[in-house]
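Ligands are counted one by one from 1 in listed order, and the atoms in each one are counted from 1 as well.
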Amino acid sequence: MKTKLEFSSGGIVINNNQVLVIKTKNLKNEVVYTFPKGHIEPKESSQDAALREVEEETGVKCKIIKKIKNIKYWFVYKGEKILKQVTWYLMQPIEIPRGIHLSDSSCGIKEVDEVLWIDLDKVTEILSYKSDKEIISLVKQQLNKG
Ligand code: ATP
């Protein structure tokens with residue numbers, strides 16, 4: 001099977017001991033809870049893509065504190081094996097909209113069913129992906145160090 005490489009980036013947005021989580025669906029149409037992210041456009045930096053995707057998917061405008069790490073996973077889509085690398089950034093909100101954010105899926109933006117702020121203490125239970133659980137445990141360790 002042909003393998004295609006894809007690159008995305010996204011944000012772990014922390015505010016008052018809570019983290020920004022999206023409820024969306026995977027390729028099998030199952031509900032997943034994860035962090036906002038998306039495809040890095042040609043000529044766009046991974047930082048700019050992460051900030052843009054977080055705002056498009058959640059409505060929250062952020063600034064980057066630092067890079068956390070790159071993770072990789074793979075899946076099969078339309079007969080192609082996709083190897084995806086995601087760069088995650090630690091972020092802080094600079095503007096949080098009041099009310100509910102509706103992402104506009106008609107212009108190609110991923111459908112986000114809900115945007116949630118979840119307590120850092122409780123988020124591991126709700127996250128769908130192992131790598132997300134690892135990222136949040138890394139973030140908690142780093143925040144505890146000061
Ligand atoms: P992007 O947000 O990068 O534009 P997308 O929403 O089109 O991407 P992905 O989120 O990469 O697509 O989802 C494609 C497949 O990969 C889904 O079946 C999903 O369950 C799976 N997937 C997504 N994130 C992870 C992860 N962190 N670990 C393992 N599998 C994942």
### Summary
In terms of its nearest heavy atom to atom 13 (O) of ligand 1, the top option of Y73, W74, Y77 is Y73
### Message
How close do S9 and A50 get, counting heavy atoms only, and between which atoms?
### Response
OG-N, 3.2 Å
## Note on the structure
Between K110 and K37 the two heavy atoms that sit nearest each other are NZ-O, 3.4 Å
### Task
For Y89 and S46, test the side chains for any donor-to-acceptor distance below 3.5 angstrom and give the result as yes or no.
yes
### Query
Atoms of ligand 1 less than 4.0 Å from S131 heavy atoms?
26 (C), 27 (N), 28 (N)
### Query
Of the choices K133, K37, Q85, which has the non-hydrogen atom that lies closest to atom 10 (O) of ligand 1?
K37
### Query
Which of the atoms of ligand 1 are close to K110, meaning less than 4.0 Å from one of its heavy atoms?
2 (O), 6 (O)
### Query
Which pair of heavy atoms, one from T24 and one from D113, lies closest together, and at what distance?
CA-OD2, 3.9 Å
### Query
Taking only heavy atoms of S8, which atoms of ligand 1 are found under 4.0 Å from at least one of them?
1 (P), 3 (O)
### Query
Which is closest to atom 17 (C) of ligand 1 in terms of heavy atoms, L27, N29, L127, V32?
L27
### Message
Would you say that V123 contacts L127 through its side chain, given a criterion of any heavy-atom pair below 4.5 Å between the two side chains?
### Response
yes
### Summary
Min over H39, E30, E111, K25 of heavy-atom distance to atom 4 (O) of ligand 1 lands on H39
## Note on the structure
heavy-atom search around atom 8 (O) of ligand 1 in the protein gives K84 NZ, 2.7 Å
### Task
Answer yes or no for K67 and W88: cation-pi contact, defined as NZ/CZ to six-membered ring centre under 6.0 Å and angle to ring axis within 45°.
no
### Task
Tell me which protein heavy atom sits closest to atom 20 (O) of ligand 1, plus the residue, atom name and distance to 0.1 Å.
Y129 OH, 2.7 Å
### Min side-chain heavy-atom separation L116-Y33 under 4.5 Å
yes
### Among F7, F75, W88, closest by any non-hydrogen atom to atom 16 (O) of ligand 1
F75
